[in-house]
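Notes for the one structure printed next.
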Amino acid sequence: PLFAGTISGSVATAQGRPIAGATVTLTDANGYSESVYTDRAGKFVIRTQIQGKANLRVRAYGFSDMARDTQPARGGNFQFRLQHYADKLELSNALPASAHAASIRWEDPKIRTDFVSQCQFCHQIGNEWTRRPRNEEQWEFVINKMQGYGSVITYEDEKVFRRTLAASFQGQPLDTVITPDVSNELPRAKVREWAFGAGVNYVHDVELGRDGLLYGVDMSTDRLWILDQKTNKIE
């Protein structure tokens, strides 16, 4: 592929200690992004196809994000010094959804199995949206709505689901710490992401066609999105 420019730099703590495995993401005005990871010395390099103005964002577990505007064609070397989260709630909110889902206090393993098969198989239970504090009545509304989309649960399951979720998600921070394990191969990886539509669009399933194009079914607007990874063109 043709590259528009190269951006490099380093990521460290406020005290100057290198941060390995930090995610460095370059995003253009259309929502297309390319991400790489820092090595054990905290250094990164992005050879990018992105042209024009872009946003360079750095993320690392346990630290607040940092971002700067840039133009890849001009190149540049960026030094980021990340600050630790200010309190336990910020640190808890940065945990993956799975950590919050694991904190749900199920009364019976069978009920948990029913919940996983009818709810969690599709939704990231424990993300910012689903772990909002709700009372049992509010959870009943959510559960009934999901049954309208095809979820099949018993009346007893519904009672236990709403009682358990209301008791488990009360806005309190988790006393959980993640210790990232940074592989030596990680700095060689590059992740590319594309934005389909806007907030109303819900591309649920994506398939790679034999023609090399990606096809995504939009469940909210009854459309089929087609992506050409070589040109970044979306139809």
Side-chain angles (χ1 to χ4, degrees), residues 1-100 124 126-128 174 176-196 203 206 208 212 214 216 227-234:
L2 298 176
F3 294 101
T6 300
I7 291 176
S8 61
S10 65
V11 181
T13 66
Q15 294 74 32
R17 297 180 58 184
I19 300 176
T23 308
V24 183
T25 303
L26 191 65
T27 306
D28 70 11
N30 297 317
Y32 167 72
S33 69
E34 299 175 2
S35 298
V36 298
Y37 302 89
T38 56
D39 60 20
R40 296 196 180 278
K43 298 184 182 299
F44 69 89
V45 176
I46 303 180
R47 296 184 65 199
T48 180
Q49 301 178 33
I50 294 176
Q51 302 182 32
K53 294 181 179 180
N55 179 264
L56 186 65
R57 177 187 177 196
V58 176
R59 292 166 290 162
Y61 173 70
F63 299 88
S64 296
D65 293 6
M66 286 191 70
R68 297 177 186 173
D69 292 329
T70 183
Q71 293 196 37
R74 297 179 181 177
N77 188 277
F78 295 84
Q79 313 301 316
F80 291 94
R81 298 295 179 265
L82 305 187
Q83 299 285 341
H84 283 280
Y85 285 124
D87 53 45
K88 289 185 177 181
L89 183 58
E90 279 191 317
L91 186 62
S92 177
N93 288 339
L95 292 168
S98 57
H100 292 275
Q124 290 192 70
N127 66 9
E128 186 176 4
L174 292 184
T176 301
V177 176
I178 292 178
T179 303
D181 182 15
V182 181
S183 165
N184 290 330
E185 299 298 314
L186 188 60
R188 299 174 56 185
K190 185 174 185 179
V191 178
R192 302 171 69 201
E193 298 177 89
W194 294 263
F196 290 85
V203 182
V206 177
L208 178 62
L214 282 170
L227 165 67
D228 186 333
Q229 300 177 75
K230 295 180 179 179
T231 63
N232 290 341
K233 184 179 179 180
I234 297 176

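These values consider heavy atoms only, across backbone and side chains, with no hydrogens, waters or symmetry-generated copies.
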Legend entry - Result of checking Ile46, Ile7, Val191, Thr25 against Glu34 for side-chain contact (heavy atoms from CB on, under 4.5 Å): Ile46
Inset, instruction - Decide yes or no on side chain to side chain contact (heavy atoms under 4.5 Å, CB included) for Val11 and Gln79, but give the supporting numbers first. - result: CA-CA 6 Å; Val11 181; Gln79 313 301 316; over 6 Å; no
Inset, instruction - Side-chain contact test, heavy atoms from C-beta onward, threshold under 4.5 Å: evaluate it for Phe44 versus Ser10 and give yes or no. - result: no
Inset, instruction - Quick one: pull up CG in Asn232 and CG in Asp28 and give me the separation to the nearest 0.5 Å. - result: 7.5 Å
Legend entry - Where Tyr61 and Ile178 come nearest, the two heavy atoms and their spacing: CE2-O, 3.2 Å
Inset, instruction - For Ile234 and Ala195, work out which heavy atoms get closest and say how close. - result: CD1-O, 3.5 Å
Inset, instruction - Drop me the distance from Asp228's CG to Lys233's NZ, to the nearest 0.5 angstrom. - result: 8.5 Å
Legend entry - Closest approach of Glu193 to Ser35 (non-hydrogen atoms, all atoms of both residues): OE2-OG, 4.3 Å
Legend entry - Nearest atoms (heavy-atom pairs only) where Pro18 meets Gly42: CB-N, 3.9 Å
Legend entry - Within 6.0 Å of NZ in Lys190, more than 12 heavy atoms from elsewhere: yes
Legend entry - Asn127 CG to Ser98 OG distance, which is reported to the nearest 0.5 Å: 11.0 Å
Inset, instruction - Kindly check if the number of other-residue, nucleotide or ligand heavy atoms within 6.0 Å of CZ (Arg81) is above 12? - result: yes
Legend entry - Verdict with supporting geometry, Arg57 and Asp65, salt bridge (Lys or Arg N to Asp or Glu O under 4.0 Å): CA-CA 7 Å; Arg57 177 187 177 196; Asp65 293 6; 2.7 Å; yes
Legend entry - Gln71 atom CD: more than 12 heavy-atom contacts under 6.0 Å: yes
Legend entry - Pairwise distance CD(Gln49) to CG(Leu26) - rounded to 0.5 angstrom: 11.5 Å
Inset, instruction - Could you please spell out the steps behind the side chain to side chain contact (heavy atoms under 4.5 Å, CB included) verdict for Thr13 and Ile19? - result: CA-CA 7 Å; Thr13 66; Ile19 300 176; 3.9 Å; yes
Inset, instruction - Measure the CZ-OG distance between Phe78 and Ser8 for me, rounded to the nearest 0.5 Å. - result: 8.5 Å
Legend entry - Within-4.5 Å side-chain heavy-atom neighbours: Thr27 and Tyr32: no
Inset, instruction - Could you tell me whether Gln51 atom CD has more than 12 heavy atoms of other residues or ligands within 6.0 Å of it? - result: no
Legend entry - CG on Leu186 to OH on Tyr37, rounded to 0.5 Å: 6.0 Å
Inset, instruction - With the side chain counted from C-beta on, respond yes when Val24 and Thr38 share a heavy-atom pair under 4.5 Å apart, and no when they do not. - result: yes
Legend entry - Test item: Arg192 and Thr48 side chains (from C-beta on) under 4.5 Å apart, heavy atoms: no
Legend entry - Phe63: partners by ring pair (Phe, Tyr, Trp, His ring centres under 6.0 Å), with sequence neighbours left out: His84
Inset, instruction - Please test Leu174 against Leu95 for side chain to side chain contact (heavy atoms under 4.5 Å, CB included), starting from the C-alpha separation and ending with a verdict. - result: CA-CA 9 Å; Leu174 292 184; Leu95 292 168; 4.0 Å; yes
Inset, instruction - Answer whether the closest heavy-atom distance between the side chains of Ser92 and His100 falls below 4.5 Å. - result: yes
Inset, instruction - Can you see which heavy atom on Ala60 is nearest to which on Leu82, and at what distance? - result: CB-CD1, 3.9 Å
Inset, instruction - Please step through side chain to side chain contact (heavy atoms under 4.5 Å, CB included) for the pair Asn184 and Arg40, ending with a clear verdict. - result: CA-CA 8 Å; Asn184 290 330; Arg40 296 196 180 278; 3.0 Å; yes
